Structure formats: structure tokens, C-alpha cells
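Please find one structure pasted underneath; my questions will follow.
Just so it is clear, the model here is predicted, and its values are computed rather than measured. Every heavy atom of this structure was used, including side-chain atoms; hydrogens, water molecules and symmetry mates were not. Throughout, a chain's letter reflects where its sequence line sits, starting with A, and its residues are numbered from 1.
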Amino acid sequence: SNETGTEKEAETASEATETEGAEQTAASDVKVGFIFLHDENSTYDLNFINGATEACKAAGVEYMFKTNIPEGQECYEAACELADAGCDIVFADSFGHEDYMIEAAKEYPEVQFCHATGTKAHTENLSNYHNAFATIYEGRYLAGIAAGMKLNEMIANGEITEDQTKIGYVGAYTYAEVISGYTSFFLGARSVCPSATMEVTFTGSWYDETAEKEGANKLIEDGCVLLSQHADSMGAPTACEKAGVPDVSYNGSTASACPNTFIVSSRIDWAPYFAYIIDSVANGKAIDTDWVGTLETGSVVLTDLGDAAAEGTADAIAEAEKAMNAGTLHVFDTTTFTVNGETLTSYMADVDTDADYTADTEVITDGYFAESGSEFRSAPYFDLQIDGISLLDTAY
Amino acid sequence: MEQKVKEPRYHIVKRADISGKEAWIIRVVAILSALLLCAIITMVCTGDNPISIFATIFKGAFGTQRKTWITLQYVAVLLIISLALTPAFKMQFWNVGGEGQVLMGGLAAATCMITLADKLPNAVVILLMIVTSILAGAIWGVIPALFKAMWNTNETLSTLMMNYIATQLVAYFTIVWEVPKGSGKIGIINQNSNVGWLPNVGNKYLLSIIVATVVTIGMMIYLKYTKHGYEIEVVGESQNTARYVGISVEKVIIRTMLLSGAICGLAGLLLVGGINHTITTTISDGQGFTGVMVSWLAKFNPIAMIFTSLLIIFMGRGASEISTAFELNQSFADILTGIILFFIIGCEFFIRYKIVVRKDLGKENA
Amino acid sequence: MENREVAILLRGITKSFGDVTANSNVNLDVYKGEILSLLGENGSGKTTLMNMLAGIYYPDAGQIIINGKEAVIRSPRDAFDLGIGMVHQHFKLIDVFNATENIILGLEGKLNIKEAEKRIKEICDKYGFEINTKKKIYDMSVSEKQTVEIVKVLYRGADILILDEPTAVLTPQETEKLFNVMRNMKHDGKSIVIITHKLNEVQSISDRVAVLRHGEFINDMKTSKTNAQEMTDMMVGHSVSLNIERPEPVDPKPRITVENLTVVDEEGLVKLDDVSFTANTGEILGIAGISGCGQKELLRAIAGLEIVKEGKITYIHQDGRTEELLGKSPREISELGVKLSFVPEDRLGMGLVGNMNLADNMMLRSYRNGKSRFFTEKKQPRELARKVVDKLQVATPSIDTPVRLLSGGNVQKVLVGREISSRPKVLLTAYAVRGLDISSSYQIYDLINQQKKRGAAVLFVGEDLDVLVELCDRILVLCGGKVTGIVDGRNTDKYTLGSMMTQKGEA
Amino acid sequence: MFSLVAFIPRAVQQGVPLLLGSTGETITEKSGNLNLGIPGVMYVGAISGVIGSFFYEQSVPSGQLNGFLAIFIPLICALIGSFLMGLLYCFLTVSLRANQNVTGLAMTTFGIGFGNFFGGSLIKLAGADVPSISLSATSAYFSKSLPFASKTGWFGKVFLSYGFLAYVAIIIALICAYVLKKTRVGLHLRAVGEDPAAADAAGIDVKKYKYVSTCLGCMIAGLGGLYYVMDYACGVWSNDAFGDRGWLAIALVIFTIWKPDIGILSSILFGGLYILYLYLPSGTHTEYKELYKMIPYIVTLVVLVITSMRNKKEDQPPKSLGTNYFREER
Ligand SMILES: Nc1ncnc2c1ncn2[C@@H]1O[C@H](COP(=O)(O)OP(=O)(O)OP(=O)(O)O)[C@@H](O)[C@H]1O
Ligand SMILES: Nc1ncnc2c1ncn2[C@@H]1O[C@H](COP(=O)(O)OP(=O)(O)OP(=O)(O)O)[C@@H](O)[C@H]1O
Ligand SMILES: [Mg+2]
Ligand SMILES: [Mg+2]
């Protein structure tokens, strides 16, 4: 598939990284500054770093990285330093950076501040502050299909029966991004394995190897026969490998650590977004306040399938992908799920960030839940608990 | 001649009081050799030119005006925390709970900012923040002190545990106050109204620096010239003696930890109200522990602490620049910091002692 | 000299610590089967010299010859191997270990406690010690600890025994017991070096004396051929008078009355039993008793440091007003002018701060005074430190030297000097001259007399009955926490006191 | 719902690194050395093992690892790495008489930096998609449970289901306890920690004891790091994943009043409490989880306070802990 190519390129690019892009293409004298929460040793940041290097190299622009910038005043300082150093675009990759980026954006109106995963650009009314995200729920839906296929295979092999098709999911926070993620994953799985159910446990952290591992162990103990996760450490995949439970991971292939259980992984490729903002600034075009990458833009990608993937998975995924691109398949099609036993006809989501979580926007259109479209905001806001998914440890 | 007993080739003797100049020469030599070793290691590990690495470290800390200010601000905060811990250490009270005390101070400040923003005028909120954060730090500091005073409970462990409890409390409230739902982040508090933001004096970095200066001078005077300072020293050196001369050891322990915690709380206030305008569990960034090192390294001398905290911040700041410039991961800086510290603490030996090599080997041969 | 075998030969031994030269070019011989007394003023380098034999210090220059062979003693282990054992001025025992564990510490081979206990018993039987092998050091009295130290040395089969002020903390009875043991050992052919400041002991136990002054070897001679005055003069370097003056009390008035005082310790043992007496102004009230008979508790009770079960302690002001001391904090009592100068067995353990310099140690008592509520006053303590150094001839490089670096006796001078100088109304002093050289001791007596003349009521706890009889106006005798009598110091002798001290024990 | 049989193995796995760390620190502290560098040492132990096994795995075609070498190489590397850290600590504090606290804290900075730096470098070398080094082949040897573990039901799960290092940890703790309590070496070591001057005067080679016990202590603690990465983390090194277990190990030393045998159960208990929050109900209210996470610390604090109420002389830290010894110093 096309993703694989991009992946490889990204890697070679990252190997050859230099501080400041040496080969400068004629037209562009754009300079981009990047702020990363950690460094390339973090799953999350590596993904951004690879995308950034690739895009900047390709555009031939100068760039600067600031790694290990915590979600505090340091982020503001880093942003200002980058602006002082002549960057035309300053990008930050972590959710908690947002407020500090906004502060910097107010101080440097001529510099474009772009922020991934943020939610405030559309309400902040700053012409130089932008959010971006991708329809990763589409990727997760496809990964869910791979999971469903696997369940089907296990039923067929007699390993489990139909009423044992319970999926476990290790989530970080009870955040819309996570909820949207596991729901789409589940819907994907159920689209091929109708008997599937899911149990979710939360760790309360984006990266906590122990909590993720123990969370996974608990799910396995609880009878989950397949796991997936939305958290950044290797805790859950390795727990699966040890227990021999198939696993759909996130953000990159865990095949080398989990050769026997890795099925597939979805991730966001940020290179298209970076290419877009560089191009916009170079050509004096306005950057979208909320930019959403999709399967079509190449922003949402799946890794190569692992050995544990069931036969026919690739075809099933390709088919679904085509349907999505064609607009015939919506992940959150209200006919495919119920909430409290009822089909959703109208839902006010909390799209505009506020401390009281005020629901402010009708998001059910044309029979589906319109998740993170550029019309509202780029970051996900699907936060419903659908039937078939149960949350662990809710009984007091 | 009878069977030869092996004569020690050298032995170690105490030096007569060494002049300040000589001591500094020894220290400078130590730092230079440490830098040399660092240079060699850097070259071996990366192949980069060590000179440019050091230049980059320097640039990272003092390269631009903004950087210099930030560096000084960091030094100020670390210095305040180190100073806060110092009276406890002088009292031989193992306060490794700076982290928790800072967090609690910060949490109190954040609580005021969040809950009182639209209820009280800004000045009142700030006043309450100052009072509550100092109080919160003091309370967090005094709890282990009470245990110690009443039952001689090991304070190393109790203060350490208090850190974790404080961290979890902050984690709890972070989620309670998170925006948006589920994100686990509070974000900048009162970003638009700026209620509870400590005022800028001159520029936004200066406030911490001024506070640090005041605390440094105050602590120096407190420890050296006051009755309290004297009592702290006596209690630290010998509790029996303290009791003998009628010092209430329990009272001193409690009073000192109140002070220690209060100043940590003040650091928390600066971090939340003056610098970050938010609270996270990592807001003190391990400085409660770094402060231990700063304080001991300076042998509890507040003035010397300015230099030790500067050194540590300088290395840390330089490091992030290295990682930007050379694609070295940031941990490399920790290695370099470690090496430099090893040399500095090692060289004290040569200031206090000298090694005498036996010269009368001739006699042996005779 | 008789033609006897030499055990130790020291030649040209020099040792300095930083600026302080503790020993310079010392030559000293010790023969087999003799007891040698090493004499010298406080800080004259006795301990240092012996520590070089014991492997604690290493000489800067000089030669050590043991049993005819040149020896290099780099560690206590080397010293043991050469048969040298030392009982240190400050005991070197592990508090949380029991006697056996301490005695066998440092030896090799498989750990066999039973076997060790057997051998310990043999040694004890041979020399006449008593040891409870299972008792923890922290539960032991000083003399018990000392016994452990000596047995420890003997257990290793040492032929050369060094005792650094072993009697400073012993009662006369215990001292006599120790001396008997030493004589036994001498007859075994062992060499013994004893450091002591008590010249009567020197005369009763040693065969020879050697004198150090300011780190230099001065002379040695047979004990039988010398006398106290000569030895003292030799130590000091000039002639000194050895008389204690006893002026008549001027206008004595009751200052403190103690009535029916009873103190029970944590374990429920009665430490003071129904003690009553009056201390008068301008008078020295001596307190005699075998160690552990309640002297310490008595002083501590008056100073407010002891929990009292029953009784009354009344302070009577100049104008006749009275004030109950019980229930007052040590500080309040101290502010009334009741000053306790207690010289503990471990001098640095209480009363002084080892790491502080002399001047700061002077402040311990007075730091609360001064104009400011908040700030300390540094000038007066420094002056006081200078005065004490001057008056008591404290051997110290400066008043900025940490007191832990001073020799044992000098540490004590700092402590006692400070306490006495605080112009007390009531001076409580215990073991004030413990470990002091003879001329310093006399200076202390002098100082105490000055306080008496000033009108202070002095309570003087001492172990040396000769001194008590010479110095005190009245002497209260304690035995097992009970008062067995109060006698007039001018009309009594030490034998009367001695028998009163053991009255209860004999009954 | 909550199954003890499932929970105990999890607690044990959490407990083992803590046990090794605290046993190592205990014998170090028994010599009077307060090694606050243990967190760093554990990182160094872990990364040394990882480096060794990484190069071994790289040099051998996959699937052809020699079982003995696969265990031996990382083991020896971890031991050497942590030994060197111990040596560094001793050289600075014992030979150069540097302040123990500063040295220890500097070693923690250094050790964690060292671990993450080389971890990061290897990650780059390994070039995996997800930034981690995975030594799953080696890990399989380390985490192999005892025979019959899966066949003996709950018994196997609770007692036999661990990798060999877990058992080694318990054996080491028992040996240390025995040596400390019953042997001459133990007696001497305790003496050194209580009062080095007295020990020295008794002819004990204080320096030797300090060096040996501290280095050994570091090596044991280093195994804790190795266990974490090779067994618990399934051979996956991720930077900072070990977290602050090193500090908890130091805390456990105090908690177990310097007794390695008490350490066995305490560390398992603490390990259990450490992950208990994951088993307590909270649902979408993740804030309660954060409160639950306090449990181990509050329990520790409460136990500490209660035990300190009956203050026994024998339960105190070694008296000379944290101070250096120089024979000629007064
Ligand atoms: N107090 C001392 N004075 C002079 N030389 C010494 C002293 N102690 C040891 N030495 C010698 O100095 C060298 C290093 O001393 P070190 O103390 O490290 O070794 P050691 O003697 O084996 O140790 P220990 O004295 O603890 O048994 C050795 O050659 C030793 O013989
Ligand atoms: N370790 C040391 N460091 C510094 N100075 C020392 C040390 N040991 C001894 N001195 C100094 O050396 C001198 C001699 O001390 P030493 O202890 O040998 O005296 P001493 O004759 O035993 O006196 P005393 O009768 O009071 O015990 C003193 O001035 C003392 O301060
Ligand atoms: Mg809203
Ligand atoms: Mg002496």
C-alpha cells in the first residue's frame, strides 16, 4: 500500500537529519521551528519528528527543533525563542502546549503558530494561531476491521466461541480523543465480527509503562481475547506478547517486540500537514484555522500487517478504505450503534472549549456523527458511551 | 637487617588551613579537568568538536538576552528551594520533601486562582494566594516534623512519602479542574482575565529573581546571625547538648520545618502564580531533590548556593541547546553534569588533605 | 636502670595536625613487666603518642621499635599483630552490640559465640573481672564499658597494654579493682602504659613515670624516687603550689531547699529516695557517693532536667521570696541563675557542640541574652572564650577552632570555664575536674572558690574524697539514692566519708 | 471480580526490582554509606544488561541464541555496570571522603542520564518504528517460569510463575539477612556502619568493608534494573520507564528497618499496593485513581509512624550512616 513507502522515506529522512536544512531550494526562505514534548525516544514525538524532518527536507526549508519542552512556561519561552530566531512558523506537538502557544501567538502576530491536537483555535480568533488533527478514527476503524477479522479467525479455529469475542482496550484518559478512538476501533471490529464486545480501562496517563502493562494484564485476566490501546508505552503490547494475546497497537509497528501477536497499527502521518503549512506561508496563503488530515491526504496511515493478522485482512481494509474515501462509509454511522439502547438522532457536542464542558454544537448530520470536520474543530469531540462497550471498574 | 616491614608509600594528612586562593585554584583545576574529560567523552560518543559543544552549552544558557533572563529565573527558583531546604539540613533533618512542599504551595495558589477568580478582586486573590501557598507548604513541611518531634519518626522516609502524596493530590485536582473534559490538563489559568497572576516587575522574570535575592540574604542572616539560626545549629549537632542548655528540640524542629516548608510553598507560588500560571504534577521538575544537592554542595552557605545552583541550571539549560543543535539526546547533559559534579566533590579532598609521599626511601635501601 | 628487656622504643616521633604539633621528636622506652605512667598537661600529646602505637595515627617522622624490631604500624590491625592493645580515652565500643560481640569484634574465623563466651569467662576469672556477656553496651555503666574494653584487649592476647585515662570516670573503688587487675597483668610479664592525671594513682600503681610537655619528652624516672610536687613542676615547667584554699563562708543564707525529693527512672528504679537538704549562699556543699547513687539525678532534678516523682525544691531569693522550681522548665530555672555544669562521661555528648568553635560554644548558655530578641550577640562570647582560654590555659590554636579538635582535658576546660563564668546564683557542678591535669584542676577549684566568695551557692559533686574534704564546707553523702548524712568538711576525713558512702551496701 | 491468585503474581513482579534495590541499599547502608545513587545504579544496571544483550542478539542470527549466553552476557554486563557505579561512589566517598549525599544525588543524575542516553542511542541503532529496543528473545530466557507453573493451577501461578531473577532476589535477600545476623562478616559490617572508629580500633579494615559492601550492594541493585527490563518489561527498553522505583527501594530500606528478610514480604506488599489502584473501581472518574495511587505511600507513612512510636534502639539506622570516616579525624 502507499503508506509503506512514506514510512520508509520518513525513516531515511530522520537518519540524515541535520539541524538546519542545508540544501535550500531557491524559492523558499521559510523557516520552521518545532516544539516537541519529549525527544525521538518517545513514540508520540518520534512520529512528529519524522514527519517534520521529512516535510522540511522535501520543501527544502530551514528548521529548528526544540525537544523535551514541558507543558508549561517553557513552551512559551521556546516558542518565543524560535520566533526570535526568525522562524516564520512555530509548531508544537502536545496538547498541553496550546495555551502557551496562544500566549506566544499574541506576542508575535507576524509569525504563524500551529498546534497539533489543540481545540482552541476556532474560538480564540487569532489569525496566526491554528489547530490541526487527523481523522485518526478512520484509521482506528480500519485497524478495528483487522481486529474483527482476527476474532473471526479465532472463532473459526475453535480457539474461542462467539460469545467470547471480547476486546480489551487500554486507554489513557477519558478524553474525547480516546473515546472517539476506541469507539471507532470497536465499530470497525463489530462491522466484521458482530458478536464483538469491548472492555475499556483507563490509565490516567499518556505514558505509563507499568499502568498500561498491568491494565492489559487485567483485561486479559478478565477474558479479553484481543487487545488494543491508546497510550504511548510498550506496556500493553508486551503484556499481550507474553500472554499470547493478539494486539492492535498504536503509533507504529510493534512487530519487533511482539512478533507473535502484532496485528496492525494505525498512526497519523504529520508530513502532509507540515508540507501544507510550509507551502501556505511560502506562497502567502492563509493557513486553515482547523486543519484535518484524512486517509486521502495521507495523514492517516496503517503499518504493514503483522504475522498475527488474519487472512483476508488486507482486502477487507482496502475495501473499507475505498468506501470511506468515496464517502459511502461513515465511521460513526448512527445506524451502526446505539446509546442506551437508542439510536442517536441529535447530539450536542462540547466543541468549544470551556471549563463547564457546555455542549454547544449539533454534530449529527446526514445520519452520522460528524467527527472532527474542519467545519467545527480539528480535534475529536466524540464522547458518547455506546452500547457494547463497557468501562471497567465502574462499580463502586 | 631484620625482615623488612612494608612501609606505606604515602599517607594522608590533614592540611593546615589552606588559603582561599589555593582552594580556588584546586577547584578551578578540578572543573577544567572535568571539562577536559567531558570533551573527550563527547568526542568519542559523537565525533563532534567538543569546543563547539561547549560553546553551544554556553549559548544555551546565555546566548540571547531572553535566554539569560530565563536562566536567571530558573536559578532563582532552584535557589529558593535550596535555601528552603537548608535550615532543615543544618538541623540534620533530612527534608527530601521539598518536591511535595513546593507542589502543595503551588496547589494552594492554583486553588485560589481557579476558585476565586470571579468572586474576589485580583489584589485580594493574590494576597490570598501568597498566604495560602506559604501556609500549605508550611503544613506539608511540618507534618513530618511533628512525627519526628513526637515519635522520632524517620524523616527521610516520611518526607519522601509526603512528596508522593502531594503529587497525587495535585494529580487529583488536575483532573477535577481539567479543561476540556478528560484531557488531564488544566491549561493556563485565567488566561484572559489574568486574575491571580503575580504582577510583572520590570519584566516577567525579575520577580522571582528579586524574591530569590531577598530569601538568600534573609536566609544568610537567619542562619548566621539569629538566635533561631544558632539553635538550629545546636540541635543539628547535638540534641543532648541542646536539651542541656534548655533548647526545646521539638520546638526547633517544628519551627524550622515550618520555615522550610513555607519557603518551598513560596517557590510553589512563584512557579504557579508567577511563571507557569498552571499546575501540573511535574511543575517542580525534581528541584526538590536537585535542591538537596545544591545545598550540600554549597555546604549550606547561601552565597555559595548562588553558584552551585547556577552551575546546575547552566548545565541543564546548555543541555537542551545541545540536543537542539547536535541531535544528541538530552540525557547526554546529565552525564556531563554528573561528571563535572564528581570532579567538584572529589576535589574537596585535596583542599582538606594532602598526600605525603614518603621521601626517606633512601633509609630503606641503606 | 635495671637490665630489663625493652618492649617499646620510640625514637624521634613527630606528629602534627595541620598547624598543631602534637608530638615533636619524642623518645620513650617501655620495659617488659612494668607499669609506666605517662604524664603531661592537657594537650601535651599523650593520647596522640599512644595512638601512634595503637595504629590510629601515623607518625610524620620517627621510628617505632617493638620487641627489638622496627615496626610500621599503619592500622590498629598492625598494632594487634604486634601485641599492642589500647583502651581509648573515648571508648571504642559499638553501642548496640553486647559485650561478647564487642570483645570478639575484628577477629577472624568462624563466629562461635558460645566458645567466645567461655574464653571471656576464663579471662575474667583469671584477672578478677565481672562481665555480663549478653548485656548491651548502651545499658552499661562506664566501668562496665571499661571492663569490656580491657577484656577486649586481653582476649587478643596483647602483651603491651595502653590505658588512656582509665580512671577518669571510675569511682575510687572501681579504680582499686582495676589496679589489682593491672598488677596481675604486670606479674604476667605484660607491659602497661597508663595515662592519668591523678598523681596519687601514679604513685600507687606505676613503676616509672614519663613526662611530656607541649608535645616534647621531658624526663622519665622511677616513681619511688619522685613526688607529686616534682612531677607537677615537671609537667608545667615551673613551680606551682598544690594547696586548695577554703575561705570561711560569709553570711550563709539558705538559697535552695530540697525536701523529700524522690526520683524514679523509666524502668521504675528509685534513683533518689526522700532526699532533703539546704544549700546556702557563699558555701560549697559537697556531694559524695559511689557513682550511680543519685548524684547526677539530684543535680538534674534541680536543673529541671529530671522528672520528679515527689518532693519540693524551693529557691529562696535574696529578699526572702521563695519560688518552687519543680514544674519550671530548664530554661526558666536557668534564668533564675541556677547553672548546671555537668561534665558527662562523654564530654562532647552534652554541654558542648563538637563542630562549633570555642566562641560559639560559649554562646550556648548566653545566646538568649543580648539586646535584640532576634539576633545573637557575638562579641561577648568571643571575649569570654578568650578569657577562658587565658585563665585555664586551654591549648588551642585559636578561639575559632572547633572544640572537637581539642584534647580531652581542654574540651573540658572549655565546658567548665563557660559554666562557672556565667555568674550563677547557684552553681551545680559534677565531676568538674574529670580528666583535667593537676594544675588545671587547681585552677578550677580556684574558680569555684571565687564563685563561693561572690555569694553563690555551690553544689559540688566529686569523686576524689581528698578534694571534697579539702574544698567543701559541708558534705552530703548519698548512698543508693538516700542521704546517709551531712557532715562538716572541716571536721571529717575521707575514711568517715567512705564508710558513709557504703553504709547501705553493707547493711 | 478481584482475584487474589491473579493479583499476587502481579504484586511479586512489581516487588522484585524493589526487593533487589532495597537489599542492595541495605547492605550498603549497613557499612555507613548512604547511597542515594541507587536510582542511578539501577538504571545503569539495566542499560548495561541491555547493551550486552543487544550486541549479542545482533551478532547472532535470530532464533539461534545460546540460552546460557543469552542470560550470562546481560547478567555479567549488568553486574559490571553497577559494580563500576559502586566503585565510583566508594572512590569518591571512602577514598576522597566526599559528601555522601551530593555524591549519591550526582550519581542518580548521572546514572539515569547514562541509561537514557545509551538507551536512546541504541534505539536509534535499532531503528524500530516505535522508539524502544526490544530484546524479546533474550527476555524469553529471563522470564521463563519454572516447570509445572502452568500445570499446577493457583499454586503454580502464585509460586512458580516467575523468571529466575525473582527467585535469585529472594535468595540474595535471605543470604544477606543470614550473613548480617549470623556471621562474623556481618558482625563486622554492622560494626563499621555503627561506629567506624570503634570498628577500626578493633582491627577491622573499614575501607575494605565499605568498598565491598557498597559495590556488592550496587551490583544487587543493578540486578533489580536488569529484572525490570528483561523480565517485567519483556526485554523492551524505553527511556525513563523504570521510573522512580530506585527511590522507593531506598524508602523500603527504612521501612524494613534494615533487614533484608523483612524486605521480601515488604517489597511484595509494596509492589502490590503500587498497582492496587488499577484494581480499584473508578470508571470514568480517573481522578479517583489519582487518589488511590496514594495508598502505598499513606500505608508506608502510617506503618512508619506506628513503628516509630515504639522506638527501639535496634531499629535505628546505622549510627554512622551518611558520614565518612577518616582515622585521624577527631
Ligand atoms: N594512617 C596512615 N598513615 C600513613 N599511611 C597509611 C595510613 N593508613 C594507611 N596507610 C597506607 O596508605 C596506603 C593507602 O591507605 P589505605 O588506608 O587505603 O590502605 P590500608 O592501609 O590497606 O587500609 P586500612 O588502613 O583501612 O587497613 C596504604 O599503602 C597504607 O599502607
Ligand atoms: N585528630 C586531631 N586533629 C587535630 N588536632 C588534634 C588531633 N588530635 C590531637 N590534636 C591536637 O593535638 C594536641 C595533643 O592532643 P592529645 O589528645 O594528644 O593531648 P593529651 O595529652 O592526650 O591531652 P588530655 O590530657 O587533655 O587528653 C592537642 O592540641 C590537640 O588539640
Ligand atoms: Mg463548550
Ligand atoms: Mg588525652
Less than 4.5 Å to any heavy atom of chain B: does that hold for the side chain of D/F91, its backbone, both, or neither?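 Neither; nothing under 4.5 Å.
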
Which bit of D/N99 is near chain B, if near means a heavy-atom gap under 4.5 Å: side chain, backbone, both or neither?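 Answer is side chain: those atoms of D/N99 sit under 4.5 Å from chain B.
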
Using a distance-only test with no angle check, is there a side-chain donor-acceptor pair under 3.5 angstrom linking D/T93 and D/N324?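 D/T93 vs D/N324: no donor-acceptor pair found between side chains.
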
Verify the distance criterion only: is there a donor paired with an acceptor across the side chains of B/T159 and B/N95 at less than 3.5 Å?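 Looking only at side-chain atoms, B/N95 and B/T159 do not form any donor-acceptor pair under 3.5 Å.
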
Below 4.5 Å, heavy-atom pairs only: which of D/T307, D/V102, D/I295, D/L252 has the largest tally toward chain B?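 Of the candidates given, the most pairs with chain B belong to D/V102.
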
Hey, which of B/N152, B/V96, B/L160, B/T290 has the most heavy atom pairs under 4.5 Å with chain D?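 With the most close heavy-atom pairs to chain D, the winner is B/N152.
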
Taking atom OH as the centre, does B/Y353 end up with more than 12 heavy-atom neighbours from other residues, nucleotides or ligands that are less than 6.0 angstrom away?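 Correct, the count exceeds 12.
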
Can you say whether B/L341 sits under 4.5 Å from chain D via the side chain, the backbone, both, or neither, judging by heavy atoms?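 Interface part for B/L341: side chain.
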
Between D/T108 and chain B, which part of the residue has a heavy atom less than 4.5 Å away: side chain, backbone, both or neither?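 Neither part.
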
Does D/V305 reach the side chain of D/M309, with side-chain heavy atoms less than 4.5 Å apart?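 In short, these two side chains touch, coming nearer than 4.5 Å.
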
Heavy-atom distances under 4.5 Å only: say whether B/F147 touches chain D with side chain, backbone, both or neither.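 B/F147 touches chain D through side-chain heavy atoms alone.
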
With a 4.5 angstrom heavy-atom cut-off, could you sort out which part of D/L92 is near chain B: side chain, backbone, both or neither?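 When you check distances to chain B, only side chain atoms of D/L92 fall under 4.5 Å.
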
Could you tell me if the side chain of D/E290 sits less than 4.5 Å from the side chain of D/Y277, heavy atoms only?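 Of all side-chain heavy-atom pairs linking D/E290 with D/Y277, none is under 4.5 Å.
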
Name the region of B/M150, side chain, backbone, both or neither, that has any atom closer than 4.5 Å to a heavy atom of chain D.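 The answer is neither part of B/M150.
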
Set out, in order, the CA-CA distance, both residues' side-chain angles and the distance that settles ring-ring contact (aromatic ring centres under 6.0 Å, His included) for B/F93 and B/F89, then state yes or no. CA-CA 5 Å; B/F93 183 100; B/F89 290 148; 9.0 Å; no

Residue D/L88 versus chain B: region with a heavy atom under 4.5 Å: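 Side chain of D/L88 only, per the 4.5 Å heavy-atom cut-off to chain B.
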
Checking B/W177 against chain D: side chain, backbone, both or neither under 4.5 Å from a heavy atom?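 Neither part; nothing is under 4.5 Å.
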
Between D/R97 and B/F349, is NZ or CZ placed under 6.0 angstrom from the six-membered ring centre and within 45° of the ring axis?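 Pair D/R97/B/F349 does not count as cation-pi.
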
At a 4.5 Å cut-off on heavy atoms, which part of B/L169 comes close to chain D: side chain, backbone, both, or neither?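 When you check distances to chain D, atoms from both the backbone and side chain of B/L169 fall under 4.5 Å.
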
Indicate yes or no: does B/E250 engage B/K148 in a salt bridge with an N to O separation below 4.0 Å.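 Looking at B/K148 together with B/E250, the answer is no, because their closest N to O distance does not fall below 4.0 Å.
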
